[in-house]
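The model shown is predicted, which means the values in this text are computed figures rather than measured ones. Letters A, B, ... mirror the listed sequences (proteins, then strands); counts begin at 1.
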There are 2 protein chains.
Amino acid sequence: MKTLTRKQEIVATASKLFKEKGYNAVSMRDIAQAMGIKAASLYNHISGKQEILSTLILEVAIEFTNGMQTVLAEESSPVQQIERIIEMHIDITVNYSEGLAALNNDWMHLENDELRSFIRMREDYEENFRQIIKRGIAAGEIQARQPEVILFSILSTLRTLYLWYQKRGKLDVNVLKQDMVAVFLHGIVNKL
Amino acid sequence: MKTLTRKQEIVATASKLFKEKGYNAVSMRDIAQAMGIKAASLYNHISGKQEILSTLILEVAIEFTNGMQTVLAEESSPVQQIERIIEMHIDITVNYSEGLAALNNDWMHLENDELRSFIRMREDYEENFRQIIKRGIAAGEIQARQPEVILFSILSTLRTLYLWYQKRGKLDVNVLKQDMVAVFLHGIVNKL
DNA sequence: AAAAGTAACTAACAATCGTTAGTTTTGTAA
DNA sequence: TTACAAAACTAACGATTGTTAGTTACTTTT
């Protein structure tokens, strides 16, 4: 276990508070108190509240972007790629569950370049996913429904997984991956 | 079109702002300005910012609770009930898209009785849904996976539908219902 | 015409916000 | 032991927050 820098400790502490109450409802004094220091002391390690948020969000966003590139580079079939994306999402969720809350709920409080950069990464990610689905439909591997509905169903489930994973935390990660892939690929109805 | 009371206008205006920036990032002065009046004037119609939030959220929460009761009362098969729940969710999303943002993202800023009451309604709703799934599995209608995974997959998709519905708003509601039911019941993979 | 009610206004409040300046303590290296 | 840097502290700033008090203008009811 690598020892964290003080900045990393601040970001980690803040992310837990952001997850519970949201970026705007957490004050610098709240963050400082959770670390047992005063608010002004935080500024020895970070430039401001904004930096905490952007560090947190962009770290996770880059993780997703890299994950998608890895999956695309494998050049397997569309259905296999979707399987891999689901598994990747679950892995990232387990490792970055606090950051995911900020990424989902507080990204709009980013500013300027960081906001633009985040939106860009998100759009690219969705577009890559959409293309995989469209290739699957064109190849006859995937049912010919609205690609947008398929994309949205899978993605919104994966994006809010962080809310459930710890609440029902007893679920084994591999069972989760297995069942979630099965639900989306084959549905829930028992075939005769 | 029924004419709105002034309080309803305030809640409607606020809900649009809450959707974009979140409860805590919207000030009473923001809400007032959006209505072309001063912040203090809002207090002629509402008791405070909290009342705006709780009015907004509880209205939609009751809608869901009633919808679930209607579906349960029909006593159709578990799979048919799940179909109906998906359709109900889509209908509510179309009619209350701003309120849904607050319900999903800002419910934790409710206080006291209203917070407790909301959590209770949400737990009951999830438990009812979970029981339907379990009955479906017991009856052999639904595949024997972790009920929690099935519940979560469907519910998180439905809960974040409000984010997508207007962005890709060109989608017909009936096509949406049809494709979304198909995705969850039968999956996305083409069977041979 | 008088009275009551509705809904806006101005002005200000105490509290809290993110942040800065300047100072003191703490730990490490020479 | 001295010197230096890291990281904490106190105190305060200007801005903004939700809210209250008191007042004014317009409309409806008596």
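In this structure a side-chain-to-backbone donor-acceptor pair under 3.5 Å is present from B:Glu141 to B:Val79. Of the possible polar contacts, none joining the B:Asp91 side chain to the B:Met88 backbone as a donor-acceptor pair under 3.5 Å is found.
Distance, B:Ile37 CD1 to D:dT19 P: 15 Å, rounded to whole Å. Going from atom CD of A:Gln33 over to atom C1' of D:dA8 covers 16 Å, rounded to whole Å. In this structure, B:Lys7 atom NZ and C:dT6 atom C1' are separated by 17 Å, rounded to whole Å. Summarising the geometry, the separation between CD1 on A:Ile46 and C1' on C:dT19 is reported as 10 Å, rounded to the nearest angstrom. Taking atom NZ of residue A:Lys38 and atom C1' of nucleotide C:dT24, one finds them 15 Å apart after rounding to whole Å. Atom P of nucleotide D:dA6 and atom CD of A:Glu9 are separated by 17 Å, given to the nearest angstrom.
Inter-residue side-chain proximity for B:Val26 and B:Glu20 is flagged as unmet; no heavy-atom pair is nearer than 4.5 Å.
Listed by chain and residue number, A:Ser41 satisfy the side-chain contact (heavy atoms from CB on, under 4.5 Å) test with A:Lys38 (two or more places apart in sequence, or in another chain).
Taking the six-membered ring for Trp and thresholds of 30 and 60 degrees, A:Tyr23 and A:Phe18 have ring planes more than 60 degrees apart, a perpendicular arrangement.
Ranked by how close their nearest DNA chain D nucleotide is to the 5' end, A:Leu42 and B:Asn44 are led by A:Leu42.
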Listing time: all N or O pairs from protein to nucleotides 12-18 of chain D that are below 3.5 Å?
residue, atom, partner, partner atom, Å
D:dG18, OP1, B:Val26, O, 3.4
D:dG18, OP1, B:Lys49, NZ, 2.8
D:dG18, OP2, B:Met28, N, 2.8
D:dG18, N7, B:Arg29, NH1, 2.9
D:dG18, O6, B:Arg29, NH2, 3.0

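Dashed line: the shortest gap from a side-chain N or O of A:Ser41 to OP1 or OP2 of D:dA7 is not under 4.0 Å. Here B:His45 reaches the OP1 or OP2 of C:dA8: one of its side-chain N or O atoms lies under 4.0 Å away.
A side-chain N or O of A:Thr157 and one of B:Thr157 form a donor-acceptor pair less than 3.5 Å apart.
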